[in-house]
Amino acid sequence: MTPLLCCVGIAALLASSLACPRSCVCSVKKNGRLLAECAYRDLQEVPAGLSPNVTILTLSANRIGSLWETSFSEVPEVQSLWLGYNQISTVEAGTFVHLVHLKNLDLSHNKIVDFPWKDLRNLSGLQILKMNNNRLAGLPRGAFHSLKDLRSLWLNDNELTTLAEGTFDHLPSLSQLQIFNNPFNCSCKVFWLKKWTENTSVSITKGGSILCMTPSRLKGRAVTNIPDHFCIAPSVQLTYLSNLDNTVMYDGLTLTLHCSVAGNPLPEIRWKIQTSSRSTEINGPNVARDGSVLPPRHAKQSQERFLVFKNGTMAIPNFSKEDEGIYTCLAVNDVGMREVSVNVALAGSENPANDLLRNAPQASHLGGRSCYKGDDLDPSSAGEKLVIVYHVPRESRSRAGAVPQVCLGTLLLTLGLALCC
């Protein structure tokens with residue numbers, strides 16, 4: 001090959017690598033990166049004709065209004081993408097999903113309300129994300145969970161009223177966060193943010209400007225100064241209610257559990273029941289004040305066996321072996337959730353005292369009565385055993401066709417109660 005042809009080939013290759021739209025200025029930086037400078041060009045869309053080797057693309061201060069899935073298909077190697085000070089209001093899902101080399105993304109000072117957060121899952125190398133001065137009203141809980149290299153996150157001057165607990169978890173490299181100038185509703189849903197800011201090593205720029213907009217009694221107060229007594233995490237206690245002590249029953253057993261809760265705001269009570277044949281969730285009372293059973297909130301729920309009252313009591317009429325299982329009471333408020341469970345089982349015997357001693361050697365035998373005094377309920381434990389022992393007297397069993405008389409005893413290992421035959 002002649003020197004002339006060699007020079008022509010090199011020039012053609014260089015021209016190809018510097019393919020550049022007329023509205024942009026392209027150049028090679030000292031570090032070898034290819035820069036496409038397209039700022040302040042009054043552009044209404046991302047220009048076509050960019051080189052696939054572009055690693056820095058500047059589109060700031062234009063009039064771009066929408067970003068589409070194909071907007072950056074020509075620049076798969078881009079590492080820094082500057083889109084600040086445009087009029088972007090629409091961002092189509094998939095816009096950024098293929099930009100896996102992206103380290104810096106600036107979308108600040110636009111009109112973005114909805115953003116395709118799932119696009120961020122592929123951007124594990126992202127280090128700087130600027131989304132400040134937009135119109136974001138909410139963030140999904142796991143919006144940033146894949147951004148293990150993210151160092152700086154700008155969310156200030158948006159319309160965020162709350163943030164889900166855990167929003168900034170799974171960001172081990174985060175060192176700078178800006179969330180000031182958002183109209184936070186300082187209900188207990190953002191109480192976690194106060195605690196998080198007290199313990200994090202992340203630098204929170206203008207932390208004193210993270211102010212409450214609502215409720216009125218907290219308006220203008222810093223989120224970091226929400227009073228501790230204003231929000232209290234739930235506590236829950238599960239007890240067994242019965243008037244069956246020393247009683248002969250003819251109509252079967254009604255198991256009654258009572259869930260006592262405390263916290264601020266007052267926690268909502270939910271129940272989960274897991275038996276061998278079904279799993280049931282009941283989110284709220286299903287018995288009206290007049291005693292009628294309300295229809296389930298969800299069609300798939302099967303709760304006709306379980307009567308839940310507003311005061312936290314649940315009753316299971318005609319409790320049988322089929323109803324054995326784990327009964328869990330959950331207390332939920334804006335601060336958090338606590339739960340406590342009890343494992344309920346039936347055991348039949350002609351001599352309840354022997355049955356109790358056989359199943360629980362710690363039980364004491366007092367004057368022919370089987371009683372066990374358990375520890376106070378620990379809300380952090382789950383699945384403790386409540387055994388209901390029923391005794392069918394011989395005289396009842398010997399009467400042909402007679403309805404058996406049932407005397408009930410209770411082995412309660414966790415509730416600190418004892419009901420004995």
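Side chains are part of it too, since the values below use all heavy atoms of this structure and drop only hydrogens, waters and symmetry mates.
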Phe72, CZ atom: more than 12 neighbouring heavy atoms under 6.0 Å: yes
Sidechain-backbone polar pair: Lys194 side chain, Ile226 backbone, donor-acceptor under 3.5 Å: yes
Ser175 side-chain N/O to Arg151 backbone N/O, donor-acceptor pair under 3.5 Å: yes
All side chain to side chain donor-acceptor pair (under 3.5 Å) counterparts of Ser108, not counting sequence neighbours: Asp106
Which atom of Asn318 lies closest to which atom of Asp323, heavy atoms considered: O-OD2, 3.9 Å
Side chain His98, main chain Thr70, donor-acceptor under 3.5 Å: no
Main-chain N/O of Glu92 paired to Thr95 side chain as donor or acceptor, under 3.5 Å: yes
Exercise: identify the closest heavy-atom pair between Ala48 and Pro21: O-CG, 3.2 Å
Side chain proximity check, Phe96 to Leu107, heavy atoms < 4.5 angstrom: yes
Residue pair Asp114 / Val91, side-chain heavy-atom distance below 4.5 Å: no
Ion pair Arg141/Asp169, N-O distance below 4.0 Å: no
Test item: His101 and Leu99 side chains (from C-beta on) under 4.5 Å apart, heavy atoms: no
Pair His258, Thr313: side-chain N/O donor-acceptor within cut-off below 3.5 Å: yes
Validation row: Asn134, Phe115 side chains within 4.5 angstrom (heavy atoms): no
Side chains of Asn132 and Gln178 in contact at under 4.5 Å (non-hydrogen atoms): no
Flag if over 12 foreign heavy atoms under 6.0 Å of CD, Glu45: no
Candidate pair Thr55 and Glu77, rule side-chain hydrogen bond (donor to acceptor under 3.5 Å, both in side chains), full reasoning: CA-CA 6 Å; Thr55 55; Glu77 302 296 321; over 6 Å; no
Leu34 vs Ile56, side chain to side chain contact (heavy atoms under 4.5 Å, CB included): CA-CA, chis, key distance, verdict: CA-CA 6 Å; Leu34 184 58; Ile56 304 173; over 6 Å; no
Pairwise side-chain contact, Leu177 with Trp154, heavy-atom cut-off 4.5 Å (strictly under): no
Residue pair Tyr327 / Met314, side-chain heavy-atom distance below 4.5 Å: yes
Closest contact, heavy atoms only, Leu174 versus Gln176: CD1-O, 3.5 Å
Nearest heavy-atom neighbours spanning Val236 and Ala331: CB-CB, 4.1 Å
Residues Leu330, Thr328; criterion side chain to side chain contact (heavy atoms under 4.5 Å, CB included); working and verdict: CA-CA 6 Å; Leu330 300 92; Thr328 302; 4.1 Å; yes
Electrostatic pair Asp149-Lys103, nearest N-O below 4.0 angstrom: no
Minimal non-hydrogen separation, Pro47 against Cys38, with atom names: CG-SG, 4.4 Å
Solution key, residues 210-222 side-chain donor-acceptor pairs under 3.5 Å, sequence neighbours excluded:
from, atom 1, to, atom 2, distance (Å)
Thr214, OG1, Asn185, OD1, 3.2
Arg221, NH1, Asn225, O, 3.4

Distance in Å, Ile179 CD1 paired with Leu163 CG, rounded so as to fall on 0.5 Å steps: 6.0 Å
Val97 backbone acceptor or donor facing Asn122 side chain under 3.5 Å: yes
Heavy-atom closest contact (Ala93 atom, Pro116 atom, distance): CA-CB, 3.7 Å
Stepwise ring-ring contact (aromatic ring centres under 6.0 Å, His included) check, Phe168 with Trp196: CA-CA 9 Å; Phe168 307 120; Trp196 184 80; 5.2 Å; yes
Atom pair CG/NZ of Leu123 and Lys148 - distance to nearest 0.5 Å: 12.0 Å
Set of residues satisfying side-chain contact (heavy atoms from CB on, under 4.5 Å) with respect to Ser66, sequence neighbours excluded: Trp68, Thr90
Donor-acceptor contact present, side-chain Asn158 to main-chain Leu136, <3.5 Å: yes
Short side-chain to backbone donor-acceptor contact, Glu74 and Leu50, under 3.5 Å: yes
Nearest-0.5 Å distance that lies between atom CD1 in Ile64 and atom CG in Asn62: 5.0 Å
Lys195 NZ: over 12 foreign heavy atoms closer than 6.0 Å: yes
CG on Asn182 to OG1 on Thr161, rounded to 0.5 Å: 9.0 Å
Leu35 side chain reached by Val28 side chain, heavy atoms, under 4.5 Å: no
Polar side-chain atom of Asn86 near backbone of Leu59 as donor-acceptor pair, under 3.5 Å: yes
Trace of the side chain to side chain contact (heavy atoms under 4.5 Å, CB included) decision for Phe184 with Thr162: CA-CA 6 Å; Phe184 283 112; Thr162 188; 5.6 Å; no
Within 6.0 angstrom of Glu322 CD, more than 12 heavy atoms from elsewhere: no
Short side-chain to backbone donor-acceptor contact, Lys111 and Ser89, under 3.5 Å: no
Derivation and outcome, side chain to side chain contact (heavy atoms under 4.5 Å, CB included), residues Trp271 and Asn283: CA-CA 7 Å; Trp271 290 91; Asn283 298 323; over 6 Å; no
Cys329 SG to Gln237 CD distance, which is reported to the nearest 0.5 Å: 10.5 Å
Pairwise distance CG(Leu155) to NZ(Lys130) - rounded to 0.5 angstrom: 12.5 Å
Under 3.5 Å donor-acceptor, Asn286 side chain and Phe306 backbone: yes
